[in-house]
Amino acid sequence: MLIQILDVDYVMVDDKPVIRIFGKNGAGEAVCGFYEGFLPYFYVAGENAEEVLKDEDLNFEKVKRNIILKHVPQDVFKITLKDPSKTPEIRDRLRSKGLKPYEADILFKYRFMSDMGINGMNWIDITGPGIQTESVSINKIIQIKKMKAVEKTGNADLKTLAFDLECVSNRGGIPEAKRDPIVMISILFSHDYKGTDRMLLSTRSGKGVTYFETEKAMLETFIKIVNDFDADILTGYNCNNFDFPYTLERMRQNGIRAIFGRCKQKTVFAKSIGNRHKVYMTGRMIVDSYTIVKKDFSLVRYDLGTVAKNLLNEEKIDVKHSEIETLWRGNDIEFERLAKYAMRDSVLAINLLRKLDLTSKYIALSKISGTLLQDTLDGGETLRIENYLLREFNKKKYIFPCKPEPEEMGRRMREREENFLKGGYVIEPKKGLHSNVVVLDFKSMYPSIINTFNICPTTLTRENGDDVIKSLSGAMFCKKSVKKGIVPDVLENLMKSRQAVKMQMKKETDKEIIRVLDAQQWALKIMANAFYGYLGYLRAKAYYIDIANSVTSYGRNLIQNTSKSIKKMGYEIIYGDTDSVMVQSKKIELDDIEKEMVKIVDIINKDLEGILELEFEKIFKRFLPFTKKRYVALCFERDGDKWKEKMEMKGVETVRRDWCELTSETMKRIVEILLKENDVKGAVNHFKNVIGKLMKGEIAVQKLAVTKSMSKSPERYVGMQPHIELVKKIRKRSPEETPGIGDRIPYVIVKGLGLLSKRAEDPMYVIEHGIQVDSSYYIENQLLPPLERIFTSLGIFKSELMGNGKQMGIMDAIKNHVKAAKETEKEKEIIISSKEMNGFVCSKCNDFHRRVPLVGVCECGGEFLFSSPKGTATTIVAG
DNA sequence: ATGGTCCGGGG
DNA sequence: GTGTACGGACCAT
């Protein structure tokens with residue numbers, strides 16, 4: 001029978017481990033395969049290992065294996081035991097006698113999967129008799145006699161259950177699982193469950209609600225539903241860190257065993273690490289939409305409301321957290337609103353998963369690396385690389401080192417301090433707004449370097465000789481002809497596979513298959529690119545600083561040489577970073593530019609070694625660099641016989657948590673005017689225009705609001721913060737509207753005297769009462785900081801931006817100051833001095849203000865002086 | 001620059 | 001479970 005592997009674990013039966021493979025067959029049925037007779041083992045180097053462990057019931061076998069830094073097979077012991085859980089103890093005994101264990105920290109399930117050549121989410125063909133057992137909640141159980149991996153592209157039909165909790169705390173703030181009960185559980189099913197796709201469990205009765213007298217009864221039913229529906233995936237929004245740990249704790253409080261995985265003996269449990277949790281469940285997977293969205297999409301905020309609106313264009317039901325208790329205790333209509341709210345959250349969680357197809361990429365990563373999907377989702381790159389490398393090492397009779405122990409970590413850290421890891425080479429960008437700049441980059445630079453120069457832990461050698469290549473940073477590696485490295489080989493395969501998948505995609509017409517293939521080629525790229533980082537990661541099992549440094553030194557050399565050659569051909573280099581150079585074209589039409597550059601690329605490529613290859617990547621019709629690693633560009637990329645246009649921003653955020661909409665909007669528009677319209681004056685005018693509108697009060701108040709959340713009661717805040725001061729204000733004037741702990745509070749800064757925080761106001765209140773917002777604040781603190789950087793790179797200073805009629809006190813002062821300086825051609829110094837200026841001091845009362853407290857004069861009526869960091873006021877502001 | 005702390009998401 | 005460990009923004013010396 002063919003099954004797709006969802007999870008693997010083992011249990012001890014009669015003192016022997018039995019591996020259990022949880023999967024799904026093509027018909028969408030859950031299947032479990034039992035595999036007996038596989039025993040845990042590991043290796044140790046050192047003659048007296050047998051002597052050290054003579055009292056243990058172990059099997060010793062003397063074998064020859066390859067190890068890193070030795071170039072002939074070594075004698076080692078293969079130690080086989082019966083119980084996987086005994087390994088750490090035996091491993092540590094060996095270590096305490098100075099012996100070096102290998103592969104002694106590999107989870108038993110991964111030992112098995114690696115040896116059998118089976119991967120997470122891949123298909124296997126298992127054959128054997130069917131058996132009956134009460135240990136798992138699955139009907140189809142096969143005693144595996146034969147097993148083999150099978151190539152199959154598609155995925156089994158997976159059942160998903162989304163859930164969401166509501167609980168009330170009578171003390172305000174986040175409910176405490178030890179104390180506050182769950183009052184509602186909403187559930188949404190991906191597949192029909194008893195004629196419905198949703199259920200709402202609650203300890204209060206109402207319309208459309210399944211009522212329970214006690215929380216205990218409700219939780220027991222929840223368990224029953226999960227098991228009955230037999231979900232493959234459980235999801236929720238932030239369920240890893242809230243819903244699961246909370247549910248599990250409530251089950252504990254109620255004396256219920258959390259048996260809702262596919263093993264009837266193992267409970268679902270959560271381990272807490274700080275305020276973070278990791279949830280373990282056998283046979284099913286937990287996919288938290290929040291975790292993935294946060295990783296895969298760039299948004300300002302990640303609350304479910306924002307996420308649903310931006311990514312799905314679906315609305316969350318608007319219930320403030322502080323309202324939940326009121327609604328729960330309220331009348332029927334209020335209760336119904338809470339019920340709808342609860343249900344919607346489950347709907348959104350599952351919609352995120354399905355409509356955004358959040359799992360495909362991770363499934364592809366699992367298939368390639370071998371890691372189980374759950375671990376691919378929870379763990380990082382290191383886990384995937386090590387899982388993959390273990391298999392590749394073993395194929396070549398290499399044994400893999402263990403995780404570094406504290407002593408080794410110490411050594412690595414000291415070594416790194418003396419001989420630190422150097423990165424890529426960055427060419428200083430040429431200032432200004434450029435047109436027709438071409439990006440040439442090295443195709444998979446680091447993987448190609450590793451492959452070309454045979455850089456690998458298995459080729460690293462300390463003995464010089466004819467068959468050795470000395471890298472630019474001084475490390476030595478065996479020549480390919482003598483010994484091909486495992487990592488170089490693996491990378492070549494990954495890159496070749498990716499090309500093959502891309503070719504296949506071009507021929508394919510089925511949308512669903514194209515989607516899977518696209519995820520696959522993406523995952524192959526991700527895996528290939530992760531190797532360099534892995535080899536330089538301090539905690540990696542196969543970390544060697546020489547290796548990481550060799551890779552980057554070749555990279556720097558390549559980019560420098562390439563840049564030099566292109567200059568020799570008579571072209572100007574505008575910018576370059578690590579694996580790319582940006583060249584000034586002499587043509588104007590996109591097609592001409594491409595032809596011109598392809599010629600250059602061909603010349604460069606003739607002299608490159610191995611699989612290294614420079615590529616024409618794209619054209620920046622307009623290119624505006626600010627500093628190293630920060631630029632905006634209007635980019636044209638080839639798309640068949642057409643050109644695809646897009647805006648590209650590197651290191652420049654157009655949205656930030658603490659910026660109001662006006663700032664983001666203005667920034668986007670100005671970048672657009674500069675890049676698309678190539679109109680510097682137009683950009684300046686737009687900026688002036690926005691400022692003009694702002695000062696005339698023509699900007700919608702909502703666009704000026706910044707939202708922050710209140711995590712504790714206002715009294716407990718030590719410093720002064722605008723949104724907290726606003727809460728205090730609201731409490732005084734309309735206590736019934738006071739926001740609660742955890743609520744998000746939007747505010748705008750209004751005109752008036754006194755501290756900034758004291759001038760925070762509710763946007764709605766501002767509109768209703770026609771209060772004026774503090775335009776100076778918005779100019780100085782919201783608009784100028786990000787935009788000034790852009791304009792400065794074009795040689796336009798604050799003075800020019802702020803000029804034009806309107807008297808603005810402080811602004812005018814700066815303007816005059818800059819003007820005076822300009823006359824003596826000393827703009828640069830001004831930029832520096834205005835950067836160093838960190839506040840204002842009143843000339844009369846000596847009061848220090850970090851920000852301009854509006855209208856340019858101090859509260860006492862005195863004028864301001866700029867103040868430098870050292871505290872000395874330097875420049876007098878003219879009134 | 002570097003180091004520590006706080007907070008996110010959820011209710 | 002052959003456990004193993006967040007990450008970015010922001011402040012403070």
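In the text below, chain A, chain B and the rest are named by the order of the sequence lines, each starting its count at 1.
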Taking [atom1] from [X] and [atom2] from [N], how many angstroms apart are they, rounded to a whole number?
X      : N     : atom1 : atom2 : answer
A:F400 : C:dT2 : CZ    : P     : 18 Å
A:K294 : B:dC7 : NZ    : P     : 15 Å
A:M710 : B:dC7 : CE    : P     : 13 Å
A:L372 : C:dG1 : CG    : C1'   : 14 Å
A:F112 : C:dG1 : CZ    : P     : 17 Å
A:D378 : C:dG1 : CG    : P     : 10 Å
A:L383 : C:dG3 : CG    : P     : 13 Å
A:R93  : C:dT2 : CZ    : P     : 20 Å

Nearest to the side chain of [X], which nucleotide is it out of [options]?
X      : options              : result
A:P88  : C:dT2, B:dG10, B:dG9 : C:dT2
A:F269 : C:dG1, B:dG8, B:dG10 : C:dG1
A:K271 : C:dA5, C:dG3, B:dG9  : C:dG3
A:D164 : C:dT4, C:dT2, B:dG10 : B:dG10
A:Y280 : C:dT2, B:dG10, C:dG1 : C:dG1
A:F108 : C:dT2, B:dG8, C:dG1  : C:dT2

Fill in: Row check, A:F335 ring normal vs A:R204 NZ/CZ: under 6.0 Å, within 45°
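Ring-cation test returns yes.
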Worksheet item: Is the charged tip of A:K541 near the ring of A:Y543: under 6.0 Å from the six-membered ring centre and within 45° of its axis?
Response: no
Under 4.0 Å, heavy atoms only, any strand: does [X] hit a base, just the sugar-phosphate, or nothing?
X      : result
A:D345 : sugar-phosphate
A:L81  : nothing
A:D105 : base
A:Y110 : nothing
A:Y302 : sugar-phosphate
A:I90  : nothing
A:Y246 : nothing
A:Y10  : sugar-phosphate
A:I324 : sugar-phosphate

Distance, [atom1] atom - from [M] to [N], rounded to whole angstrom:
N      : M     : atom1 : answer
C:dG7  : C:dT2 : C1'   : 29 Å
C:dC11 : B:dA1 : C1'   : 15 Å
B:dG10 : C:dA5 : P     : 26 Å
C:dG1  : C:dC6 : P     : 16 Å

Worksheet item: Does the pair A:D345/A:K316 count as a salt bridge with the N-to-O cut at 4.0 Å?
Response: yes
Fill in: Pairing partner (Watson-Crick or G-U wobble, both distances under 3.5 angstrom) of B:dA1
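Base-paired to nothing in any strand shown.
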Practice prompt. Could you check which nucleotide pairs with B:dG8 in any of the strands shown, counting Watson-Crick or G-U wobble with both distances under 3.5 Å?
Written response: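 Matched B:dG8 with C:dC6 under the 3.5 Å cut-off.
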Worksheet item: Is A:K422 atom NZ crowded by more than 12 heavy atoms from other residues, nucleotides or ligands, each under 6.0 Å away?
Response: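 Counting neighbours around NZ of A:K422, 12 or fewer heavy atoms of other residues, nucleotides or ligands fall under 6.0 Å, so no.
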Practice prompt. Please check if atom NZ in A:K264 has more than 12 non-hydrogen atoms from other residues, nucleotides or ligands closer than 6.0 Å.
Written response: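 Count over threshold, so yes.
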Item to complete: Map A:R276 and A:Y341 onto DNA chain B by nearest heavy atom, then report which one ends up closer to the 5' terminus.
Response: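 Closer to the 5' end of DNA chain B: A:R276.
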Worksheet item: Distance check: side-chain N/O of A:R301 vs OP1/OP2 of B:dG10, anything under 4.0 Å?
Response: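 Answer is no, no contact under 4.0 Å.
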Practice prompt. Give the ring-plane orientation class for A:Y35 versus A:F38, where under 30° counts as parallel, over 60° as perpendicular and anything between as tilted.
Written response: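 A:Y35 and A:F38: perpendicular rings.
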Discussion item. Given A:F244, which partner from the list A:F163, A:Y280, A:Y237, A:F222 fulfils the ring pair (Phe, Tyr, Trp, His ring centres under 6.0 Å) test?
Written reply: A:F163
